[in-house]
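A quick write-up on the structure given underneath.
Here is how names work: the chains are called A, B, and so on, in the same order as the sequence lines, proteins then strands, and each is numbered from 1. All figures in this text were calculated on a predicted structure; none of them were measured in a lab.
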There are 2 protein chains.
Amino acid sequence: MADPNTSPPITSPGSRPVTIYDVARQAGVAPSTVSRAFSRPGRVNAATAERIRRVARDLGYRTNPLARALSTARTRMIAIVVPDIGNPFFTQIVRGAQTAAGEAGYTVVLADAQESDRLERAALDRTVPAVDGVVLAGSRMSDSAIRMISKQKPVVVLNRAVVDVPCLVTDNARGARDAVAHLGGLGHQQIIYVAGPAASWADGMRWQSLREAAAEHDLQVRRIGPFSPDVPGGLQAAGQLRAQPASAVIAYNDQLAIGLIRGLTAGGLHVPRQVSVVGFDNIVAAELVTPGLTTVAAPLHTQGATATRHLLAMIEGRRGRTGEPAVLPVRLVVRGSTAQRSRKRISPASGTTSVSGSAWHAPMSTSAGSR
Amino acid sequence: MADPNTSPPITSPGSRPVTIYDVARQAGVAPSTVSRAFSRPGRVNAATAERIRRVARDLGYRTNPLARALSTARTRMIAIVVPDIGNPFFTQIVRGAQTAAGEAGYTVVLADAQESDRLERAALDRTVPAVDGVVLAGSRMSDSAIRMISKQKPVVVLNRAVVDVPCLVTDNARGARDAVAHLGGLGHQQIIYVAGPAASWADGMRWQSLREAAAEHDLQVRRIGPFSPDVPGGLQAAGQLRAQPASAVIAYNDQLAIGLIRGLTAGGLHVPRQVSVVGFDNIVAAELVTPGLTTVAAPLHTQGATATRHLLAMIEGRRGRTGEPAVLPVRLVVRGSTAQRSRKRISPASGTTSVSGSAWHAPMSTSAGSR
DNA sequence: GTGAAAGCGCTAACAC
DNA sequence: GTGTTAGCGCTTTCAC
């Protein structure tokens, strides 16, 4: 292997780090040869290279990424900016990005914008100059601000279409159609869409696709909202829903759907017996709740990984900016939150249970460890 | 303000970035003066400085962090390494780190070790040379490997005591004592400790403290496990618990506790009527589950922030390595999962409810947005 | 207070 | 193949 940075670092305490000059002197070659031996193996005599590598190892040489970066203008770092790393949706995406970056030998700088446009810009200001490219997942910035950034460094935007910037979105249209078809197949005739943030590009797409799909299937679809796309938002939506009952609901995302189910249940309605609920995204929690949440699964990890690979391709000049946003496939995951429409009209009063028996349990990551 | 990097970047398209030389020429001063104007304001004539700043702004000058880093050997970046960013425990810590780093003008590089010792080292190999210091939260590496790293760059270790390396832990002893006192006060006489990973430093501390506290309160405490410190681990523990019933359980962490409650409930036991359950950490989910989880709250965000501040202090030479690990206070948060001990002996057969009514609902971040 | 000049450690022509 | 020589853009003595 040509990379000196994996061998055990010799920490000669108190002495300054070993450079290619030290190695060169010791190996009796020129510094540039040492450099080549590591950055362009093959361009140097096998025997010489071997000798250099041995000396480097003995001396505990490690390449200084800063120096390399200064002369190549490549840091091999990329940034991923998310509005909230605590949100499971983004957590998965970050993981995907991390995976793809790691495979390519890149390091990921994570910037959490804490839901703030201002903090996002600040983070970007600090980060952009030090990285080779940026993945923007759920940016709160304006399109023009994003375009600005993308003029400085390669940028890939996730789940949002920004003109002139490479974007990666999921197939919301397909997801909406599948969800509607599924509910239609279960005998539901009216669907309520519980909307997410008005400013959300995905929300617009989902609602529009829903309308089209409903028309095709000869179903009715109404919309309530917008709601904050989280559990509290879902609870709130549940309240509103009581006023205009329906047998089937599609929520903007899983967190909203989960809050909704919780709220409906607390209100004495049974899911899915009286109301079927469908979410979007398939976050980890979707299969942990009871009943399991039927949802339009977005490949979150893949999304992060794909965006990152696109970005790396751009960075390494293997690919120009794409015109239309790339679309990732989705699939409907059917779980317990949807069922055949019951014949009787739903009504809160007819709810069967108190809430006391229901346990509102926890999240948890899929992975094994905790510490 | 002296920092040129916050003004709108002038992206003169197609032209190479503006350097101090460009600014110097345009302002009629030497490059070194421009440098000083930004890095040591005050060491330069006010008028000159003003002129330089104006020119810099007009030209769209931004300081190149790489070049600066090369000559100062400071990148103003720190790394935080976690075994799994999907784990809510670490998510909070990362946020805290991000907050503290941001305040000090530092950028955080996140490395997710994916629960692998090997990946952790690989990430560290890539990252360490490019950062000024490292926060190790839940490292899977050996003490000696950690010491190795800490010889290269400042390191702070979280929730683990490593000799010769600055560490930050929570007051496990106090937490254990409070938990025991709480349960004792509710009339419980036997406590079962559901252990986490055998290799966990925190697990050892908690168990030991529990024994001491139990002795003080004249209670009995037994231990089962080890279990994987997550929800599935808790489910498994619930199974084992059925064989040796007790009225009170303390789990290694919240995820385990939540899984445990779920398992017990599914097995027909009522929490807290028949079994009281206490967790550790107070992850976000602890207050979202039903019943709410009584738990020893660790200041997770504070942990990340404090560790980071320590690290920055070390980096900036404001502080030497500490001898003993610093201890962060904990507090017992009492919620619905603990109650007065019922007089009748518990027995699975006497369980009152079927599971059907219980909803195992979701996680969700505390924050508002989703996209 | 400001300028000149020497690096920081590496890469990249350009010779030989 | 390998050595020589410039930089990359900034900071930092050391003079003036």
Under a 4.0 Å heavy-atom criterion, the protein footprint on nucleotides 8-15 of chain C, written with B, S and -, is BBBBBB--
For Gly42(A), which contact category applies under a 4.0 Å heavy-atom criterion: base, sugar-phosphate, or nothing?
->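 The residue Gly42(A) makes no contact with any strand.
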When the C1' atoms of the five terminal pairs at each end define the local axes, what inter-axis angle does the helix from dG1(C)-dC16(D) to dC16(C)-dG1(D) show, to 10 degrees?
->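 The helix from dG1(C)-dC16(D) to dC16(C)-dG1(D) shows an end-to-end axis angle of 30°.
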Closest contact, heavy atoms only, Met314(B) versus Val156(B) =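 Of all heavy-atom pairs spanning Met314(B) and Val156(B), the closest is SD-CG2, 4.0 Å.
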Atom-to-atom span, CZ of Arg43(B) to C1' of dC14(D) - whole angstrom |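 Going from Arg43(B) (CZ) to dC14(D) (C1'), I get 13 Å.
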Among all residues two or more places apart in sequence or in another chain, which pass the side-chain contact (heavy atoms from CB on, under 4.5 Å) test with Ala27(B)?
->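 Ala27(B) satisfies side-chain contact (heavy atoms from CB on, under 4.5 Å) with Val29(B), Arg51(B), Ile52(B), Val55(B) only.
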Considering residues at least two apart in sequence or located in another chain, which fulfil the side-chain contact (heavy atoms from CB on, under 4.5 Å) criterion with Ala56(A)?
->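 If we apply the side-chain contact (heavy atoms from CB on, under 4.5 Å) test to Ala56(A), skipping adjacent residues, the hits are Val23(A), Phe38(A), Tyr61(A).
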Report yes or no: do Arg95(B) and Gln98(B) form a side-chain donor-acceptor pair below 3.5 Å?
->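 Judged by distance alone, the side chains do not pair up.
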Exercise answer: donor-acceptor pairs, residues 129-138 of chain A side-chain atoms, under 3.5 Å, sequence neighbours excluded:
residue, atom, partner, partner atom, Å
Asp132(A), OD1, Thr75(A), N, 2.8
Asp132(A), OD1, Thr75(A), OG1, 3.2
Asp132(A), OD2, Thr75(A), N, 3.2
Asp132(A), OD2, Arg76(A), N, 2.7

Please check if the side chain of Arg160(B) supplies one atom and the backbone of Ser139(B) the other of a donor-acceptor pair under 3.5 Å.
->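 Yes: the side chain of Arg160(B) pairs with the backbone of Ser139(B).
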Picking from Val157(B), Val81(B), Val155(B), Val165(B), what satisfies side chain to side chain contact (heavy atoms under 4.5 Å, CB included) with Ile149(B)?
->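 The single option meeting the side chain to side chain contact (heavy atoms under 4.5 Å, CB included) with Ile149(B) is Val155(B).
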For residues 63-71 of chain A, dump all side-chain donor-acceptor pairs below 3.5 Å to protein atoms at least two apart in sequence or in another chain.
residue, atom, partner, partner atom, Å
Thr63(A), OG1, Arg68(A), NH2, 3.4
Asn64(A), OD1, Leu66(A), N, 2.7
Asn64(A), OD1, Ala67(A), N, 3.1
Ser71(A), OG, Arg68(A), O, 3.4

